[in-house]
Amino acid sequence: MEDRAGRIAAIIERFQGVEGATLPILHAVQEAFGYVPAESVPVIAAALNRSRAEIHGIVTFYHDFRDKPAGRHLVRVCRAEACKSMGSDQVVQSLEQALGIRLGETSPDGAVTLEPVYCLGLCATAPNAMVDGKPAGRLDGAKVASLVEGFAP
Amino acid sequence: MSARRIFVPGDAGALAVGADDVAAAIARAAAAAGVAVEIVRNGSRGLYWLEPLVEVETPTGRVAFGPVAAEDVPGLIAAGLLEGKGERLFLGPTAEIPFLKAQTRFTFARCGIVDPASLADYRAHGGGVGLMRAAALPPAEIVATVTASGLRGRGGAGFPTGIKWKTVLEAAGARKFIVANADEGDSGTFADRMLMEGDPFAVIEGMAIAGLAVGATRGYLYIRSEYPHAIARMEAAIATARAAGWLGADCAGSGRAFEIELRVGAGAYVCGEETALLESIEGERGEVRAKPPLPAHKGLFGAPTAVNNLVTLASVPFILAEGAEAYAAIGFGRSRGTMPIQLAGNIRHGGLFEAAFGVTLGELVEAIGGGTLTGRPVRAVQVGGPLGAYFPPSLFDTPFDYESFAARDGLIGHGGIVVFDDTVEMAAMARFAMEFCALESCGKCTPCRIGSTRGVELLDAMIAGREVAKNAALLEDLCDIMKFGSLCALGGFTPYPVMSALRHYPADFGLAPAASAEKEIATWA
Ligand SMILES: Cc1cc2nc3c(=O)[nH]c(=O)nc-3n(C[C@H](O)[C@H](O)[C@H](O)COP(=O)(O)O)c2cc1C
Ligand code: SF4
Ligand code: FES
């Protein structure tokens, strides 16, 4: 815990002098811990001279920030129109089946989180997903299976 | 003998279909054959159905192969790929591929051609000329040039860029800002991403020219978090540009300071709206601000700010280098110059097509795009992102320009076209539009925040076949309220996809075609 508080303080320190540092700090915190730990909120609030409620409001406004860690692998499947036109609803189903979890859930063993995303800017190779930061396009049943091979139950 | 140059795109769209594996396979096979190659990870040419598109530099120009899979590489190399020869997957000289040849590439002139990691390559391909010219001009003259070009904002609203810049230039302020909007949240769009990944120095050059034009000393580049490759590319390019003196205390020898700071979004569609974007950079919730004051008068941190779409800014180097007339010479009506149109979804030739305004929707979808990828008939086309209207093939004569689309209750937005075949269920698409609005609403106004959830409920009822006519009437009323009672276009334009779907595809909602279509046109004409 000591160590964690120290790391949070070090992150905040890095953004001293940056105007409008809230999002950069929150991104850095999430990168360090995989989520934005509740205990970091009052520390960030104090550093930015804001109330705890304000920082909490900001964290919850943005879809990216998590209040608990994601799975060890992160599958973000696109739900927006261009991917829908190429059957992404089917891709979502295949992913849910292969991983044994529903969209928005993390598997009980913490192996994988399946999340919706609204456009990855890959709309000419739909349907798309991003797996641990790697783009994957033209998905079908076979491609889904090979994508999640390493971490499907 | 010097190494042969092979180009394998590092663009995220190419990576999505296996470009990294192809690059690795080529490196392995070349090493095995004892041939020295230099593999350049260029941007994409924007011909996504041919990605991974591998190019080989030959004495007579670049030739292309595609779409190449890693398994194809040994065979292609055996057939002469490294010498630019082949048969299978061989596309001939890249510049002669019809989809490319038919384009007018001003803004995307270098994308897919240059090595995006190299400022020297950028300069060798004509980059930087506009900035050097701007650095020697008084600000008002830069603004006058952009005004004369007729350039309008490519982020959606189509506002004249020169007029926006003039307002910022003439606004009083101890400091001023440029904001490059690369939030690109619209489904069916990827022009910002392609440019950042394929020609990042054009983005920097455009921002620097804008800074010199309006007297801003700092520019913020706001990129959505869904674009990690663009973020990495731009970070590297900004550092390179700084080291080369394009950024810093003396921007490109102008004697004036300009610095760029990159900011990453956090997954909120509404942060593409310019005032929500400013709130986000300031570190707040991305809530839309009421206007006035305009950002040009009182924007970021209260200072005069020019917020522009990334493509708008990247169009400016050409205008400064080639002159306003060269840009204004082509176009359609009040839409001057070129538009990078993005063909997406269920389309055979998906990709980026930069052309003068005025080409019809039908030409784009059928002739250029080649119809659907599934081979089934086109049923609907959504133009301009999630807030854009659905067009049936009966409206394919609509010319691609701001006014023509507005006249048909649509918008061109950021230039995205998403094609659907005849298996699409339009009531489900209308429902999705409402659902997306509910999900992304910033919460400031009731018609958007509550109305969108009501809209989902009404559409659920209609899809289930409950009191269809009555619910259709309620949906229309609701759309009217959202259209006229919302502060920004998220709540205000969500009615476009919903009402266009209802108008053109009444049967999908369980409505009798004629009556509902007539009634609908009466209220929405
Ligand atoms: C909900 C919403 C989302 C928007 N998203 C974007 C976006 O992702 N990128 C963009 O450039 N403009 C977006 N806009 C338009 C901006 O508010 C603004 O008009 C634009 O950035 C101005 O730049 P331009 O004049 O160069 O087009 C959005 C508007 C709304 C209402
Ligand atoms: S219309 Fe929606 S997104 Fe726009 S300001 Fe109102 S609540 Fe916010
Ligand atoms: S809509 Fe799925 S990547 Fe754009």
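Within every chain, numbering begins at 1; the chains are lettered A, B, ... in the order of the sequence lines, protein sequences first and strands thereafter. The structure presented is a predicted model; accordingly, all values stated were derived computationally and were not measured.
- In this structure, chain A has a heavy atom under 4.5 Å from the side chain of B:Cys271, while its backbone stays farther away.
- Each of A:Gln30, A:Lys143, A:Arg79, A:Met86 has some count of heavy-atom pairs under 4.5 Å with chain B, and the biggest count is that of A:Met86.
- For B:Met194, no part sits under 4.5 Å from any heavy atom of chain A, backbone or side chain.
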Run the numbers on B:Tyr48 and B:Phe190 for ring-ring contact (aromatic ring centres under 6.0 Å, His included), then give the verdict.
CA-CA 11 Å; B:Tyr48 281 104; B:Phe190 43 82; 5.5 Å; yes
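- In this structure, the portions of B:Val264 lying under 4.5 Å from any heavy atom of chain A include both its backbone and its side chain.
- A:Leu95 is listed as a side-chain neighbour of A:Val91, based on a closest heavy-atom distance under 4.5 Å.
- Contact of the B:Arg263 side chain with the A:Leu23 side chain is not registered, since no non-hydrogen atoms from C-beta on lie closer than 4.5 Å.
- The residue among B:His349, B:Glu284, B:Met429, B:Glu226 with the most heavy atom pairs within less than 4.5 Å of chain A is B:Glu284.
- Top candidate by heavy-atom pairs under 4.5 Å with chain B, chosen from A:Leu139, A:Leu120, A:Asn128, is A:Leu120.
- Looking at B:Ser280, the atoms closer than 4.5 Å to chain A (heavy atoms on both sides) sit in the backbone and in the side chain alike.
- Chain A forms the most heavy-atom pairs under 4.5 Å with one residue out of B:Phe420, B:Phe432, B:Tyr269, and that residue is B:Phe432.
- The aromatic ring centres of A:Phe65 and A:His27 sit less than 6.0 Å apart.
- If you measure heavy-atom distances from B:Leu439 to chain A, the contacts under 4.5 Å come from both the backbone and the side chain.
- Here the side chains of B:Leu310 and B:Met196 are in contact, with some heavy-atom distance below 4.5 Å.
- Options A:Pro24, A:Ala126, A:Ala21 differ in how many heavy-atom pairs under 4.5 Å they form with chain B, and the most are formed by A:Pro24.
- A heavy-atom distance below 4.5 Å is found between the side chains of B:Asp186 and B:Pro386.
- Highest contact tally toward chain A, considering only B:Gly185, B:Gly350, B:Ala344, B:Ser187, is held by B:Ser187 [criterion: heavy-atom pairs under 4.5 Å].
- Separating the CG atom in B:Leu387 from the OG1 atom in B:Thr494 is a distance of 5.0 Å, to the nearest 0.5 Å.
- B:Glu51 does not touch chain A: none of its heavy atoms, backbone or side chain, sits under 4.5 Å away.
- Both the backbone and the side chain of B:Leu15 come within contact range of chain A, judged by heavy atoms closer than 4.5 Å.
- For B:Glu184 (side chain) and B:Arg193 (main-chain N/O), a donor-acceptor pair under 3.5 Å exists by modelled atom type.
- Of all the listed residues (A:Ala136, A:Ala124, A:Ser85, A:Gly137), the one sharing the greatest number of non-hydrogen pairs under 4.5 Å with chain B is A:Ser85.
- A salt bridge links B:Asp422 with B:Arg376; the closest basic N to acidic carboxylate O contact falls under 4.0 Å.
- Of the two parts of A:Lys134, neither the backbone nor the side chain holds a non-hydrogen atom closer than 4.5 Å to a non-hydrogen atom of chain B.
- Heavy-atom distances place the side chain of B:Val270, and not its backbone, under 4.5 Å from chain A.
- Between B:Met234 and B:Leu221, some side-chain heavy-atom pair lies under the 4.5 Å cut-off.
- Heavy-atom pairs under 4.5 Å with chain A were tallied for B:Gly18, B:Gly265, B:Gly385; the largest tally goes to B:Gly265.
- Counting heavy atoms from C-beta outward, A:Phe151 and A:Asp109 have side chains that stay 4.5 Å or more apart.
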